[in-house]
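All remarks here apply to the structure that follows.
Lettering follows sequence order; numbering is per chain, from 1.
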Protein chains: 2
Amino acid sequence: MTNLLKDRKISETPFRKEVLAIFTKYNNAIPLSVIEKELKEYNRITLYRTIKIFLEKGIIHEITINGAVSNYAICKEECDTVAHHHQHIHFKCNRCGIIFCVEVDKFPTIILPKYKIEQLEIQAIGLCENCNV
Amino acid sequence: MTNLLKDRKISETPFRKEVLAIFTKYNNAIPLSVIEKELKEYNRITLYRTIKIFLEKGIIHEITINGAVSNYAICKEECDTVAHHHQHIHFKCNRCGIIFCVEVDKFPTIILPKYKIEQLEIQAIGLCENCNV
DNA sequence: ATATTTATTGCAACATTGTTGCGTTTATAA
DNA sequence: TTATAAACGCAACAATGTTGCAATAAATAT
């Protein structure tokens, strides 16, 4: 793992390193409540600010499905300060509730005459690998 | 316009009729703040409860893009108490900020081996008809 | 049409989620 | 090692959403 914090030119603090470690530990998107439980020393405000700067710097991305609580996941693609460039879909399992970022062979293209599409976000809801038995 | 309230077997009250009229007046999705301004007599709690029951009964659907404030729009397709069945995409304009439900010729299909997809929600962000000049 | 039942409304109070100013502490760069 | 800039954490606030309950209005049965 390269140093995401130094790469994005933000200070490397123990708190940020710990949050980052929690993200890398999980293979799926997680809500703030999970981070809270994993943190040794939890501070609500610092966590909000950490999430905010991670989003701005393209370290993580936010996933909100059906207005439920937001989940966050590490950006595996080359995201930066300017924009996110994801080519995966967000999958929410109806049974276990976990949200996954899933790579897809051919990411669909949508053409809307007269509109200009700059970004596409695809959310699928159903049963994940583990629950689809 | 058929009587959505009686169809879904919920009481027809002045408040609900007014909220419904506001939804039909707009051709795009709207946030609570817009409904608030349009209502003659606004009550926060009643509005929350109205939105909640409209969602449950498949009268409206919720759209949340990038974790921003939720918008709501009338369900034009045959949605019911059990599930929503939309075949349109949700488009958010980066310039005017309006969220539209846009019909699309061929709604994409996504195949994820091992996963079972029950619902697909597609969100596009860019420039709408009016702003794409 | 009216009485009875059932659902909705709106208030107060509370719960959750997110933000801001500011003094203190820590990380980075000179 | 010191100076500078950034992050932290507290208090206080702001916004958003929920619940119990009594009053009221709508739907149903008479």
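A straight line from CD1 of Ile53(A) to C1' of dA27(C) spans 13 Å, rounded to a whole angstrom. Straight-line distance from the CD atom of Glu18(A) to the P atom of dC8(D): 12 Å, rounded to whole Å. Rounded to whole Å, the distance from CG on Leu5(A) to P on dT26(C) is 18 Å. Rounded to whole Å, the distance from CZ on Phe15(A) to C1' on dA27(C) is 16 Å. Following rounding to the nearest Å, Lys9(A) (NZ) and dA7(D) (P) show an atom-to-atom distance of 14 Å. Atoms CD (Glu41(A)) and P (dT25(C)) sit 15 Å apart, rounded to a whole Å. In this structure, Leu47(A) places its CG atom 14 Å from C1' of dT19(C), rounding to the nearest Å. If you measure from atom CG of Asn43(A) to atom P of dG18(C), you get 15 Å, rounded to the nearest angstrom.
With sequence neighbours excluded, the residues satisfying side-chain hydrogen bond (donor to acceptor under 3.5 Å, both in side chains) with Thr64(A) are Ser70(A). Here Tyr72(A) pairs with nothing under the ring pair (Phe, Tyr, Trp, His ring centres under 6.0 Å) rule; sequence neighbours left out. Residues forming a salt bridge (Lys or Arg N to Asp or Glu O under 4.0 Å) with Lys9(B) (at least two apart in sequence, or on another chain): none. Scored by the side chain to side chain contact (heavy atoms under 4.5 Å, CB included) test, Ile45(A) finds Asn43(A), Arg49(A) as partners (sequence neighbours excluded). Applying the side chain to side chain contact (heavy atoms under 4.5 Å, CB included) test to Lys25(A) and every residue at least two apart in sequence or in another chain returns Glu38(A). Applying the side-chain hydrogen bond (donor to acceptor under 3.5 Å, both in side chains) rule to Gln123(A) yields the partners Glu121(A); only residues at least two apart in sequence or on another chain are considered. Residues satisfying the side chain to side chain contact (heavy atoms under 4.5 Å, CB included) test with Tyr48(A), not counting sequence neighbours, are Leu32(A), Arg44(A). A search for salt bridge (Lys or Arg N to Asp or Glu O under 4.0 Å) contacts involving Lys37(A) returns nothing, not counting sequence neighbours.
Where the helix from dA1(C)-dT30(D) to dA30(C)-dT1(D) starts and where it ends, the local axes point in directions that differ by 40°; five pairs per end, rounded to 10°.
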Assign a letter to each nucleotide of nucleotides 11-18 of chain D from its 5' end: B, base within under 4.0 Å of a protein heavy atom; S, sugar-phosphate only; -, no contact.
-> B----SBB
Reading 5' to 3' through nucleotides 22-30 of chain D, protein heavy-atom contacts under 4.0 Å coded B for base, S for sugar-phosphate only, - for none | ----SS---
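In terms of phosphate contacts, Thr46(B) brings a side-chain nitrogen or oxygen within less than 4.0 Å of OP1 or OP2 of dG10(C).
Thr24(A) contributes a side-chain N or O that, together with a main-chain N or O of Leu20(A), makes up a donor-acceptor pair within less than 3.5 Å. Side chain of Asn132(B) to main chain of Leu127(B): no donor-acceptor pair is present (N/O by atom type, distance under 3.5 Å, no hydrogens or angles).
Screening residues 112-133 of chain A for ring pair (Phe, Tyr, Trp, His ring centres under 6.0 Å), with sequence neighbours left out, gives Tyr115(A)-Phe91(B).
Within 4.0 Å (heavy atoms only), Arg49(B) reaches at least one base atom of the nucleic acid.
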